[in-house]
Engineer: 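Please read through the structure below; I'll follow up with questions.
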Amino acid sequence: PERRPEDHRMLWGTDVLGNRAAGNQAFKASDFASAEKAYTKAVRAAKDELKSSNDVNASEGVPFWALFSNRSAARVRLNRPDEALLDALIAHTIAPEYEIKPVLRCVEAMSALCMHSEVEHILEFSTQTFPDARETLINKRNSLKPSAMLHVGPGLQYSSIHAALADAPSGAEILVAPGLYREQLF
């Protein structure tokens with residue numbers, strides 16, 4: 001979506017900052033469920049703050065888009081990529097044009113949704129839009145690539161899902177052709 005930086009807001013409320021800090025701490029501890037809950041509380045508090053414009057005594061603000069970006073990262077790790085993508089798109093829409101993090105969150109969520117060709121397109125376009133972040137974008141592309149692509153189906157690399165699972169290295173993606181597969185997987 002097109003960015004609307006005029007919707008960018010800095011938030012200063014203690015509820016916003018406190019919940020964001022709790023979310024960041026939980027995320028660093030790999031407690032993604034607690035991080036997602038804290039970021040959700042921060043988003044709610046931010047919406048209340050934007051309505052009332054009160055509670056501005058904190059010394060350091062947080063960009064509204066960053067709350068959605070952080071919650072997107074937590075939701076990807078919770079295997080909720082559809083919700084993560086929605087948050088990433090909101091962050092992308094309201095972030096200033098120079099911010100690359102919402103783009104990275106979008107491709108993380110899209111990769112988790114197996115939208116690999118779209119991810120490649122976005123990363124390629126972004127290297128032109130953000131030339132100073134080229135190395136970051138290349139690293140992101142490399143980190144999101146499956147370690148292997150295994151194909152299952154009649155006449156393909158594997159004839160059964162079980163065989164592909166048994167042979168798949170860590171980080172592999174298994175693409176299954178349409179059809180009926182009568183087999184015990186575990």
Side-chain angles (χ1 to χ4, degrees), residues 1-3 23 26-40 43 65-95 97 99-186:
E2 185 177 330
R3 287 198 167 173
F27 193 92
K28 287 177 185 171
S30 297
D31 182 359
F32 304 119
S34 295
E36 192 265 345
K37 286 177 187 172
Y39 293 139
T40 296
V43 167
W65 66 266
L67 299 174
F68 288 99
S69 179
N70 290 353
R71 187 169 70 175
S72 174
R75 286 179 167 175
V76 163
R77 284 155 185 85
L78 289 170
N79 200 25
R80 293 168 42 198
D82 50 336
E83 295 173 89
L85 181 57
L86 179 60
D87 280 345
L89 290 170
I90 291 169
H92 176 74
T93 301
I94 63 176
E97 291 181 1
E99 289 293 346
I100 191 169
K101 193 174 270 190
V103 174
L104 300 175
R105 298 293 191 236
C106 284
V107 298
E108 289 168 357
M110 292 172 76
S111 180
L113 290 166
C114 298
M115 301 172 72
H116 300 298
S117 61
E118 291 88 347
V119 166
E120 284 296 319
H121 175 74
I122 290 168
L123 289 171
E124 183 59 37
F125 180 77
S126 295
T127 57
Q128 299 164 18
T129 308
F130 301 100
D132 294 341
R134 183 172 173 76
E135 186 175 334
T136 300
L137 292 163
I138 290 169
N139 290 340
K140 182 56 67 178
R141 174 184 282 130
N142 292 337
S143 74
L144 295 176
K145 271 188 186 169
S147 63
M149 297 285 283
L150 309 179
H151 300 270
V152 177
L156 297 176
Q157 186 179 9
Y158 295 93
S159 59
S160 74
I161 299 169
H162 180 71
L165 284 170
D167 207 25
S170 177
E173 190 165 298
I174 300 173
L175 302 175
V176 181
L180 184 59
Y181 296 85
R182 294 178 192 258
E183 55 187 288
Q184 189 166 351
L185 298 179
F186 300 101

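Values below: every heavy atom of this structure, side chains too, minus hydrogens, waters and symmetry copies.
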Engineer: So, taking the atom named CG in Leu144 and the one named CG in Leu104, what distance separates them when rounded to the nearest 0.5 Å?
Structural biologist: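 Leu144 atom CG to Leu104 atom CG measures 9.0 Å (nearest 0.5 Å).
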Engineer: For Leu85 and Cys106, work out which heavy atoms get closest and say how close.
Structural biologist: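 It is CD1-O, 3.9 Å.
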Engineer: Would you give the length of the straight line joining atom NE2 of His92 to atom CD1 of Ile122, rounded to the nearest 0.5 angstrom?
Structural biologist: 8.5 Å
Engineer: What closest approach, in Å, do Ser69 and Ala91 show between heavy atoms, and which atom pair accounts for it?
Structural biologist: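 The answer is N-CB, 3.8 Å.
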Engineer: Would a distance-only check, ignoring hydrogens and angles, find a side-chain to backbone donor-acceptor pair under 3.5 Å from Thr93 to Leu89?
Structural biologist: yes
Engineer: Check step by step if side chain to side chain contact (heavy atoms under 4.5 Å, CB included) holds for Lys145 and Ser143.
Structural biologist: CA-CA 6 Å; Lys145 271 188 186 169; Ser143 74; over 6 Å; no
Engineer: To the nearest 0.5 Å, how far apart are CG in Asn142 and CG in Leu137?
Structural biologist: 11.0 Å
Engineer: Please report the closest heavy-atom contact between Glu173 and Leu175, naming both atoms and the distance.
Structural biologist: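 That would be OE2-CD2, 3.7 Å.
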Engineer: Among residues at least two apart in sequence or on other chains, which ones pass ring-ring contact (aromatic ring centres under 6.0 Å, His included) with Tyr39?
Structural biologist: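 With neighbours one apart ignored, the set is empty.
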Engineer: CD of Glu83 to CD of Glu36: how many Å apart, nearest 0.5 Å?
Structural biologist: 7.0 Å
Engineer: Under the rule for salt bridge (Lys or Arg N to Asp or Glu O under 4.0 Å), what residues qualify as partners of Lys140, not counting sequence neighbours?
Structural biologist: Glu108
Engineer: Any non-hydrogen side-chain atom of Thr136 less than 4.5 Å from a side-chain atom of Phe130?
Structural biologist: no
Engineer: Hey, could you give me each pair passing side-chain hydrogen bond (donor to acceptor under 3.5 Å, both in side chains) that has a residue in residues 118-132? Not counting sequence neighbours.
Structural biologist: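 Found Glu120-Arg141.
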Engineer: For the CG atom of Leu78 and the CZ atom of Arg71, what is their distance to the nearest 0.5 Å?
Structural biologist: 11.5 Å
Engineer: Can you name the salt bridge (Lys or Arg N to Asp or Glu O under 4.0 Å) partners of Arg77, sequence neighbours left out?
Structural biologist: none
Engineer: Look up atom CD1 in Ile138 and atom CG in Leu123, then write down how far apart they are to the nearest 0.5 Å.
Structural biologist: 10.0 Å
Engineer: Of the non-hydrogen atoms in Arg105 and Ser72, which two are nearest, and what is the gap between them?
Structural biologist: CB-OG, 3.8 Å
Engineer: For residues 147-155, dump all side-chain donor-acceptor pairs below 3.5 Å to protein atoms at least two apart in sequence or in another chain.
Structural biologist:
| residue | atom | partner | partner atom | Å |
| --- | --- | --- | --- | --- |
| Ser147 | OG | Ser170 | O | 2.7 |
| Ser147 | OG | Gly171 | O | 3.4 |
| Ser147 | OG | Ala172 | N | 3.2 |

Engineer: What residue among Asp82, Asn70, Asp87 forms side-chain hydrogen bond (donor to acceptor under 3.5 Å, both in side chains) with Arg75?
Structural biologist: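 Of the listed options, the one satisfying the test is Asp87.
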Engineer: For residues 178-186, run the donor-acceptor check on the side chains, cut-off 3.5 Å, and write out each pair with its distance to 0.1 Å, sequence neighbours left out.
Structural biologist:
| residue | atom | partner | partner atom | Å |
| --- | --- | --- | --- | --- |
| Tyr181 | OH | Ala177 | O | 2.8 |
| Glu183 | OE1 | Ile161 | N | 3.2 |
| Glu183 | OE1 | His162 | N | 2.6 |
| Glu183 | OE2 | Ile161 | N | 3.1 |
| Gln184 | NE2 | Phe186 | O | 3.2 |

Engineer: For Val107, does its backbone N or O pair with a side-chain atom of Ser111 as donor and acceptor, under 3.5 Å?
Structural biologist: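 The answer is no, because no donor-acceptor pair under 3.5 Å joins these two groups.
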